[in-house]
Amino acid sequence: MAKTEREIRQDVVDIGRLIYQKGWVAANDGNITVRLDQDRVLCTPTGVSKGMMQADDLIICDMQGNKLQGVKERTSEIAMHLTVYNLRPDVRSVVHAHPPVATGYATAGRPLNQALLPEVIIGLGCVPLADYGLPGTPALTDPMLPLIPKYDALLMANHGAVCYGEDVYKAFFRMETVEHYARISLVAELLGGATVLPKTEVEKLLESRTRYGVTARAGAEPGCPVVAEEAAPGAGKFLVTREELIGLVEAALHARGVA
Ligand SMILES: [Zn+2]
């Protein structure tokens, strides 16, 4: 049975508290939205800690971001959320936060895209990195446009992460998976580097999605996730003998009529 608006408001308040308690936001950072119907989105207010919201603090906007109902002002990132809803009719909730380890990767200019953990490969494929854009402006959303249709979780360079799904819990759990994946990746790096899974194992995991009932978007694309064969030192290079190299150069010169 579909939840009432009151229940959905309480879900957003509960998820906001969890995000705050987990340390994924500081002060008034982060924002959460839920698509109530074709024309209305419930969103968190600006200037309020996501850990200390009341159900009545939430605001209802139209699909252009205009406030329809609510006392406080809506989140400054409403345009980014609306962009996700416009590109993904299947999405009913968007969660944006700054979980510190995933945001550390985003700040270092590094996507979370290596084939390391079965759950992440099955659930997300990988977490690509969108280039930096000024928050609250189209510059923030422009680099995300090609990624939103293909992935359910994104890093935003020098900023944070955004995850989305069929409801606010799904979006929240995706954020949790992203931060957990980032923490494990960081520990593996501190221990000398992760062992990346080979292509054959990644393919088996992607095939197992139907068994687990997972309907993730991303998968089986070059570089998402990066498999062992692509991650190996020297991947993309090839070796030739001295004689083969001389032969290649001579053939190239001959073809141009200079030898
Ligand atoms: Zn942010």
Side-chain angles (χ1 to χ4, degrees), residues 11-35 41-53 57-59 61 64-65 67 70 72-88 91-112 124 127-148 151-165 168-183 186:
D11 285 349
V12 172
V13 168
D14 293 345
I15 293 296
R17 191 177 302 117
L18 278 172
I19 285 171
Y20 183 72
Q21 285 170 347
K22 283 175 162 288
W24 295 352
V25 288
N28 300 331
D29 299 345
N31 26 75
I32 304 167
T33 58
V34 175
R35 190 164 191 177
V41 170
L42 184 70
C43 71
T44 50
T46 189
V48 176
S49 165
K50 301 304 145 330
M52 302 167 196
M53 295 185 297
D57 289 338
L58 305 181
I59 292 134
C61 286
Q64 283 71 48
K67 186 165 88 172
K72 296 187 189 304
E73 281 312 307
R74 57 167 176 62
T75 168
S76 54
E77 291 298 2
I78 188 70
M80 187 258 283
H81 291 246
L82 294 174
T83 300
V84 175
Y85 293 123
N86 279 326
L87 292 170
R88 291 284 301 270
V91 166
R92 310 297 292 186
S93 180
V94 179
V95 171
H96 164 59
H98 308 156
V101 182
T103 304
Y105 274 84
T107 304
R110 292 182 48 183
L112 286 163
L124 295 174
V127 187
L129 174 68
D131 288 343
Y132 177 77
L134 185 66
T137 74
L140 177 81
T141 43
D142 284 351
M144 297 165 59
L145 296 178
L147 302 174
I148 291 167
Y151 304 96
D152 295 322
L154 310 178
L155 295 182
M156 303 150 80
N158 297 78
H159 185 162
V162 61
C163 302
Y164 28 91
V168 69
Y169 279 90
K170 291 258 169 50
F172 167 78
F173 286 134
R174 283 185 174 141
M175 187 69 80
E176 189 169 47
T177 299
V178 169
E179 180 64 357
H180 201 231
Y181 175 27
R183 288 163 69 100
L186 181 61

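For the numbers below, each heavy atom of this structure counts, side chains included, while hydrogens, waters and symmetry mates do not. Model, not experiment: these values are computed from the prediction. In each ligand, atom 1 is the first atom listed, and ligand 1 is the first ligand listed.
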Does atom NE2 of H180 have more than 12 heavy-atom neighbours from other groups under 6.0 Å away? no
Does a side-chain N-to-carboxylate-O contact under 4.0 Å join K22 and E179? no
Derivation and outcome, side chain to side chain contact (heavy atoms under 4.5 Å, CB included), residues Y105 and L186: CA-CA 9 Å; Y105 274 84; L186 181 61; 3.9 Å; yes
Evaluate the criterion side chain to side chain contact (heavy atoms under 4.5 Å, CB included) for residue pair M144 and V162; output intermediate values, then yes/no. CA-CA 10 Å; M144 297 165 59; V162 61; 3.8 Å; yes
Identify the residue among C43, C61, S93 that makes a side chain to side chain contact (heavy atoms under 4.5 Å, CB included) with T33. C43
Total protein N/O/S atoms sitting under 2.8 Å from the Zn ion (ligand 1), waters ignored, is 3
Evaluate I19 against I32 for side chain to side chain contact (heavy atoms under 4.5 Å, CB included), listing each step before the verdict. CA-CA 10 Å; I19 285 171; I32 304 167; 4.0 Å; yes
